Asks: 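The structure is given below, and queries will be raised subsequently.
These numbers were taken from a predicted model, which means no experiment stands behind them. All ligand and atom numbering here is 1-based and tracks the order in the structure.
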Amino acid sequence: MKLNERGLLVVISGPSGVGKGTVRRALFQMKNHDLVYYVSMTTRPKRPGEVDGEDYYFVSRETFEKRIKDNKFLEWAEFVGNYYGTPRDKVDEQLDRGKEVVLEIEVDGALQVREQMKDAVFIFIVPPGKEALYNRLKKRGTEDIEIVNQRMKKAESEFMLAHKYDYIVVNDEVTNAADRIMAIIRAEHAKTERTIHNYMKMIGE
Ligand code: 5GP
């Protein structure tokens, strides 16, 4: 008997430029997992090499705003001039099927999910230092310096929200960060509050 039937919603968040996307990709390359990732929707322009439906669903502001009105997002946020959101449709269905659903989202959105999904796990990814964050944002080279500065300013305020999360993971090395997240997911599965119900059934109480 499985002690834990419902999947876990894992929210990976943290300041922009911290490498959340890279860590998430490394997580999915690990063996023996049952993770599902949901591609977000955004109004930001596509960066070179990005693919619609893989990196994001790229849509117009009109389309996005219509979806907000129709309550089609689990969460959404406006981040440095663009909308980003998680389509609501299949998240619950996948959790009921026992899948681990991973979201990789910025801080405002993560806090909205916290309100709605009390048993989700919230992980805050941090850089090994502020300097590292700035260098990473600059190195990406896909945005001009004005956008880099706006993202850095945004990151400064986001740093202060770490206490709202269940775990803080330092992204010193991508594979280390991914290992730590996997360890958190495994430990969360064994948590008494998630397993006690089925455990009691198993022992016939
Ligand atoms: P970028 O433009 O660098 O791809 O993403 C900017 C920020 O938006 C990142 O912090 C990224 O994690 C976040 N983001 C991506 N998808 C979503 C989403 O669906 N909802 C929210 N709230 N943030 C997202």
Asks: Any side-chain heavy atom of Ser40 sitting closer than 4.5 Å to one from Leu103?
Replies: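 When only atoms from C-beta onward are counted, Leu103 and Ser40 do not touch, as no gap falls below 4.5 Å.
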
Asks: Please assess Asp34 against Lys99 for the test salt bridge (charged side-chain N to carboxylate O under 4.0 Å, His left out), listing each intermediate value before the final yes or no.
Replies: CA-CA 6 Å; Asp34 205 7; Lys99 299 275 183 199; 3.3 Å; yes

Asks: Just so I know, are the side chains of Met41 and Arg67 near enough to count as touching, which here means a heavy-atom distance under 4.5 Å?
Replies: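 When only atoms from C-beta onward are counted, Arg67 and Met41 do touch, with a gap below 4.5 Å.
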
Asks: Parallel, tilted or perpendicular: which describes the rings of His33 and Phe28, with under 30° parallel and over 60° perpendicular?
Replies: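 Judged by the thresholds at 30° and 60°, the geometry between His33 and Phe28 is perpendicular.
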
Asks: Can you name the ring pair (Phe, Tyr, Trp, His ring centres under 6.0 Å) partners of Tyr56, sequence neighbours left out?
Replies: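 Tyr56: ring pair (Phe, Tyr, Trp, His ring centres under 6.0 Å) contacts with Phe58, Tyr84.
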
Asks: Please confirm whether the ring centroid of His163 lies under 6.0 Å from the ring centroid of Phe124.
Replies: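 They do not qualify: ring centres at least 6.0 Å apart.
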
Asks: Non-hydrogen atoms closer than 4.0 Å to ligand 1: which protein residues do they belong to? List them by chain and number, please.
Replies: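 Residue list for ligand 1: Lys20, Ser40, Arg44, Arg47, Tyr56, Glu75, Ala77, Phe79, Tyr84, Gly85, Thr86, Glu104, Ile105, Glu106, Gly109, Arg140, Arg151.
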
